[in-house]
A.B. asks: 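Just passing along the structure, written as structure tokens.
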Amino acid sequence: MNAAIADVLFVDPNELTSSTDLADLGLESIRLHSLIEHFRSAGADVTFAELAEDLHLAHWYRVLTDESS
């Protein structure tokens with residue numbers, strides 16, 4: 001997940017931590033849609049609203065690893 005996010009935001013994956021706020025790194029709706037499509041193609045059942053609700057990586061980790069979704 002970090003590699004895909006880093007690629008879209010043009011940052012080093014090692015800069016990303018669970019407390020990273022992706023908005024501070026320039027994430028906007030177009031890039032978010034691109035990431036959602038990437039996650040869906042990898043098998044994640046995720047919506048724009050679920051990820052846009054909180055742009056901190058800790059939230060994304062919870063959403064994307066929640067097996068009940």
Side-chain angles (χ1 to χ4, degrees):
M1 178 171 86
N2 281 9
I5 294 168
D7 187 49
V8 167
L9 297 176
F10 305 105
V11 298
D12 185 320
N14 295 320
E15 294 179 37
L16 303 175
T17 68
S18 62
S19 63
T20 299
D21 183 339
L22 298 171
D24 290 344
L25 297 179
L27 183 69
E28 33 69 29
S29 63
I30 300 298
R31 291 179 180 169
L32 178 53
H33 278 288
S34 174
L35 285 168
I36 289 169
E37 289 307 313
H38 171 81
F39 298 145
R40 286 179 178 163
S41 70
D45 181 21
V46 64
T47 67
F48 181 89
E50 288 173 319
L51 294 184
E53 175 183 339
D54 183 345
L55 296 179
H56 288 89
L57 276 181
H59 170 75
W60 284 29
Y61 293 146
R62 284 190 301 273
V63 169
L64 292 168
T65 60
D66 181 7
E67 295 184 18
S68 65
S69 14

A.B. asks: Tell me which pairs pass salt bridge (Lys or Arg N to Asp or Glu O under 4.0 Å) where either residue lies in residues 3-17, with sequence neighbours left out.
C.D. replies: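 As it turns out, there is no salt bridge (Lys or Arg N to Asp or Glu O under 4.0 Å) pair with a partner in residues 3-17 once direct neighbours are skipped.
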A.B. asks: Specify the closest pair of heavy atoms between G26 and L9, including all atoms of both residues, with the distance to one decimal.
C.D. replies: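 Residues G26 and L9, closest heavy atoms: C-CD2, 4.0 Å.
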A.B. asks: Compare every heavy atom of L51 with every heavy atom of L55, then report the nearest pair and how far apart it is.
C.D. replies: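 Minimum heavy-atom separation between L55 and L51: CD2-O, 3.6 Å.
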A.B. asks: If you take all heavy atoms of L35 and A4, which pair is closest and at what distance?
C.D. replies: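 Scanning both residues, the minimum pair turns out to be CD2-O, 3.6 Å.
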A.B. asks: Looking at residues at least two apart in the chain, or sitting in another chain, which of them share a side-chain contact (heavy atoms from CB on, under 4.5 Å) with S34?
C.D. replies: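 side-chain contact (heavy atoms from CB on, under 4.5 Å) check on S34 returns V8.
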A.B. asks: Under the side chain to side chain donor-acceptor pair (under 3.5 Å) test, which residues partner S19, sequence neighbours left out?
C.D. replies: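 If we apply the side chain to side chain donor-acceptor pair (under 3.5 Å) test to S19, skipping adjacent residues, the hits are T17.
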A.B. asks: Just so I know, are the side chains of L16 and M1 near enough to count as touching, which here means a heavy-atom distance under 4.5 Å?
C.D. replies: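 Counting from C-beta outward, L16 and M1 never come under 4.5 Å.
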A.B. asks: Is any side-chain heavy atom of I5 closer than 4.5 Å to one of T20?
C.D. replies: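 Not in contact.
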A.B. asks: Not counting sequence neighbours, which residues clear side chain to side chain donor-acceptor pair (under 3.5 Å) with T47? List them please.
C.D. replies: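 With sequence neighbours excluded, T47 shows a side chain to side chain donor-acceptor pair (under 3.5 Å) to E50, given in chain and number order.
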A.B. asks: Could you list all the salt bridge (Lys or Arg N to Asp or Glu O under 4.0 Å) pairs where at least one residue sits in residues 21-38, not counting sequence neighbours?
C.D. replies: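 Those involving residues 21-38 are E28-R31, E37-R40.
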A.B. asks: Between N2 and W60, is any pair of side-chain heavy atoms under 4.5 Å apart?
C.D. replies: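 SC-SC contact between N2 and W60 ruled out.
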A.B. asks: Partners of H33 by ring pair (Phe, Tyr, Trp, His ring centres under 6.0 Å), sequence neighbours excluded?
C.D. replies: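 With neighbours one apart ignored, the set is F48.
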